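Since we're looking at a predicted model, the values are computed, not measured.
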Amino acid sequence: MSPFFSKRRVSFVSGALLCASLVSACSSMEPAQGVTRSELRPQAVATTQSAPADGSRALMAPPPPPSTPAAKKPRDATAARAPAEERESATSEAYAPAPTALVAPEPEMRRAAPGKKSMAATGAASGALAMGGAIAPMPVQQPKEKSKLELGDDKNVAEGGNTFEAYKANAFTETAKDNLSTFAADVDTASYSMARRYLQQGQLPPTQAVRVEEFVNYFKYRYTPPEDGAFTVHLEGAPSPFNARRQFVRVGVQGKVVSRSQRKPAHLVFLVDTSGSMASSDKLPLAIESIKVAVKNLNENDTVALVTYAGSTRDVLPPTPATDVKKIHAALDTLVAGGGTAMGSGMEAAYKHAVKKAAGGVVSRVVVLTDGDANIGPNLSPKAMLASIEKYVAEGVTLTTVGFGMGNYHDSLMEQLADKGNGNSFYVDSMKEARKVFETQLTGTLEVIAKDVKFQVEFNPKAVSRYRLMGYENRDIADKDFRDDKVDAGEIGAGHTVTALYEVELTGDAPQELATVRIRAKAPNGTEAKEQAFPLTRANLKPSMEAASTDFRFAVAVAATADILRAAPAAEGWSLATTQKLAEGAVAGDADRTEFVRLIGQARALTTASASGR
């Protein structure tokens, strides 16, 4: 036998022996008698959406065209493509996920509350992106090795896929036992954008991914701006369409508007994740285009710097006038994805650039663009990174986090970074959303008009028997800390609105005053907060939901939809059909609101299909 065939024979025999030993090893790793596999998994506060099993992939993929009857149908048999006039052109939104409009069959069933097992991994959507009119499926993220990421006092276990923090929905509180409700302002919108992407891809969003306040505050409300001071407060209430014994009450805040020419000069340090996981078209390419949109909307006094991180950190562009568009674009166009992730090292480098420009008359902000991979890097622990962010906040540098893509998105990390950095958290799923964040909302994102904004609502026990704050669970503040100005809270940017909704039960007694709404906030560079109080009276309550303002009705529809999608116990028995009808009557010609009505229709169909086992 020739040496060549002799070597091949040895290799074949060695491979067979190796396979046999692996099979034997796997067999010996079976759980002990009476112990299930699920019992062997570590428990964690955060839950992870891992890659779906083959049986569920059909639901996420775009439905086959009518000309291919032999192709497998989606698990939701009622799914159908939206009419052309209801879909956004793929060529005009190059990065938009391919939408799937669903017709809601009747009767409708409410989304069931998740059990213990459903709070574990249930499947992340694999994206489908329209690239020049062609549909390009996003590769399914393969599960990674389990890794722990400690953020503050929280522990997150990542098993691959998208990770979200699980918060327990606020329950009703007896006013006689506790008549104070205290929370921090929140103008983040990431939760809504991500839920929209799930729905457009044919999946209900994970219950843990839904944060009511981020749904509500995604939309613009027509509150009257202040003539003097940082903001105005708008109070309104109306009977609930779900329960005749309850009322919805809204606290709306409108920040003062600062024009592009009036705002302070800005120094932006864009910190871009260029690790291998950013390679897909809905990640790094979309992040680059988002930065170009931002640069286009900056002023002649603004400067831009660019730092990247992957296996190592790289200074790509030193502080450069925003008017030097050619130089900035050239630097952006050199970015390619590859290598590992060292977010902590990148954050340190970006902040060191930003702090050099920090001053009372300059807005200095770090903008992180990433898929939220939880790998911090070898030289900095998560706790140290968060502590470092707080230190730089004291020096005048703020932080915005912008998430991209799906498959390994670490939602809780992005939110906590923005929270510690006195900034905002966004999720960009299309060029349309990139323009909304970096063009329409840019001024408010950059210039903070009030910081450490706290709300405290004191309910009158004689008028209100029970109350429930809808959302803001992760913005909860101890009642005793309301007037402690050392306790961190939320920020309000120029032109931003903040809306919070309560569900209340009235006593039926005569007292005119239902509650007192108090707001404490510091000036952007201040250390001591000022407090204002606003009475909520029966005069603020409308006799019917139909008599309430358009903005009020739409906010209630959004908050109620979010509560249903996250299976909040207090929303048991509520119907998406009711929220859709309520939202339809409050669209007022707004494109974002029109899109929301369509999304409720998709959620209704998916909820019904899920309940019927399809």
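A salt bridge links R483 and E531; the closest N-O separation between the charged side-chain nitrogens and carboxylate oxygens is under 4.0 Å. One finds no salt bridge joining D452 and K486 here, because no Lys/Arg side-chain nitrogen approaches an Asp/Glu carboxylate oxygen to under 4.0 Å. Note on R566 versus E473: salt bridge recorded, some NZ/NE/NH1/NH2 to OD/OE distance being below 4.0 Å. No salt bridge links E433 with K436; every basic N to acidic carboxylate O contact stays at or beyond 4.0 Å. Classification of D429 and R196 as a salt-bridged pair holds, one side-chain N sitting under 4.0 Å from a carboxylate O.
With D273 contributing its side chain and S275 its backbone, the two residues share a donor-acceptor pair below 3.5 Å. Looking only at distances, no side-chain donor or acceptor of T594 sits under 3.5 Å from a matching main-chain atom of D592. Although no hydrogens or angles enter the test, the distance criterion places no donor-acceptor pair under 3.5 Å between the side chain of K220 and the main chain of T497. Between the side chain of N424 and the backbone N or O of D188, no donor-acceptor pair lies under 3.5 Å. Y472 places no side-chain N or O within donor-acceptor distance of the main-chain N or O of A185, the cut-off being under 3.5 Å. Side-chain N or O atoms of D186 include none that pairs as donor or acceptor with a backbone N or O of G490 at under 3.5 Å. A distance-only check finds no donor-acceptor pair linking the side chain of E503 to the backbone of Y467 [under 3.5 Å]. Of the possible donor and acceptor atoms, none in the side chain of T313 sits under 3.5 Å from a partner among the backbone N and O of Y309. In this structure a side-chain-to-backbone donor-acceptor pair under 3.5 Å is present from Y221 to V216. Judged by distance alone, the side chain of R593 and the main-chain N or O of A586 form a donor-acceptor pair under 3.5 Å.
In this structure, the ring of Y409 has its center no less than 6.0 angstrom from the ring center of F404. Taking the six-membered ring for Trp and the full ring otherwise, F596 and F554 have centroids separated by under 6.0 Å.
Taking the side chain as every heavy atom from C-beta outward, V402 and F438 approach each other to under 4.5 Å. Residues I492 and V448 fail the side-chain proximity criterion, which asks for heavy atoms closer than 4.5 Å. Contact check for I519 versus K454: no side-chain heavy atoms found under the 4.5 Å cut-off. Taking the side chain as every heavy atom from C-beta outward, V210 and Y167 never approach each other to under 4.5 Å. In this structure, L284 and T274 have side chains that are in contact, with non-hydrogen atoms separated by less than 4.5 Å. Side chains of N474 and E165 form no contact here, defined as non-hydrogen atoms less than 4.5 Å apart. Annotation: side chain of N422 is in contact with side chain of D488 (closest heavy-atom distance under 4.5 Å). D485 is not listed as a side-chain neighbour of T527, based on a closest heavy-atom distance of 4.5 Å or more.
Under the 3.5 Å distance criterion, with hydrogens and angles disregarded, a donor-acceptor pair is assigned to the side chains of D315 and H353. Defined by atom type and a distance below 3.5 Å, a donor-acceptor pair is missing between the side-chain atoms of S549 and D551. Side-chain contact of T224 with Q254: a donor-acceptor pair under 3.5 Å is absent, judged by distance alone. Side chains of Q456 and S181: a donor-acceptor N/O pair is absent below 3.5 angstrom, by distance only. With 3.5 Å as the limit, one finds no donor-acceptor pair spanning the side chains of T440 and R435. Inspection of the Y427 and S191 side chains reveals no N or O donor paired with an N or O acceptor under 3.5 Å. In summary, the side chains of T516 and E458 do not present any donor paired with an acceptor at a separation below 3.5 Å, with no hydrogens or angles considered. Side-chain atoms of T303 and H267 form a donor-acceptor pair, as typed in the model, at a separation below 3.5 Å. Checked by atom type, the side-chain pair N408/D371 shows a donor-acceptor distance below 3.5 Å.
The environment of K391 atom NZ is dense: over 12 non-hydrogen atoms of other residues, nucleotides or ligands sit within 6.0 angstrom. Within a 6.0 Å sphere centred on NZ of K420, other residues, nucleotides and ligands contribute 12 heavy atoms or fewer.
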- Starting from the C-alpha separation in whole Å, work towards a yes-or-no answer on side-chain contact (heavy atoms from CB on, under 4.5 Å) for L317 and K327. CA-CA 9 Å; L317 182 73; K327 183 177 181 180; 3.9 Å; yes

- Please assess R475 against D419 for the test side-chain contact (heavy atoms from CB on, under 4.5 Å), listing each intermediate value before the final yes or no. CA-CA 10 Å; R475 298 288 178 163; D419 187 26; 3.1 Å; yes

- Evaluate ring pair (Phe, Tyr, Trp, His ring centres under 6.0 Å) for Y192 paired with F219, printing each intermediate quantity in order. CA-CA 10 Å; Y192 177 79; F219 299 94; 5.1 Å; yes

- Item | side-chain contact (heavy atoms from CB on, under 4.5 Å) between L268 and F270, worked out | CA-CA 6 Å; L268 301 183; F270 291 102; 3.8 Å; yes

- Begin from the C-alpha positions of K292 and D333 and carry the test salt bridge (Lys or Arg N to Asp or Glu O under 4.0 Å) through to its verdict. CA-CA 10 Å; K292 290 180 179 179; D333 291 339; 2.9 Å; yes

- Is there a side-chain contact (heavy atoms from CB on, under 4.5 Å) between R263 and D302 once you walk through the steps? CA-CA 11 Å; R263 70 166 174 80; D302 302 329; 2.6 Å; yes

- Message: Using the rule given for salt bridge (Lys or Arg N to Asp or Glu O under 4.0 Å), can you reason through K432 versus E595, listing the C-alpha separation, both sets of side-chain angles and the distance that settles it, and then say yes or no?
- Response: CA-CA 12 Å; K432 177 183 175 182; E595 179 185 58; 3.8 Å; yes

- Message: Set out, in order, the CA-CA distance, both residues' side-chain angles and the distance that settles side chain to side chain donor-acceptor pair (under 3.5 Å) for T499 and R250, then state yes or no.
- Response: CA-CA 7 Å; T499 300; R250 182 203 66 196; 5.9 Å; no

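Annotation for A555 and L501: closest pair O-CD1, 3.3 Å, computed over non-hydrogen atoms. What you find for A450 and P524 is that their closest heavy atoms are N-CG, 4.5 Å. When every heavy atom of I328 is checked against every heavy atom of P321, the shortest pair comes out as CD1-O, 3.7 Å. Minimum heavy-atom separation, A337 to M278: CB-C, 3.9 Å. Looking at every heavy atom in both residues, A533 comes nearest to R518 through CB-CG, 4.1 Å. The shortest heavy-atom contact between A310 and G338 is CB-O, 3.4 Å.
Cation-pi geometry between K352 and Y392 is not satisfied (NZ or CZ under 6.0 Å from the ring centre, within 45° of the ring normal).
For the atom pair I291 CD1 and H329 NE2, the distance stands at 10.0 Å (nearest 0.5 Å). We find the CG-OG1 distance between L369 and T401 to be 9.5 Å, quoted to the nearest 0.5 Å.
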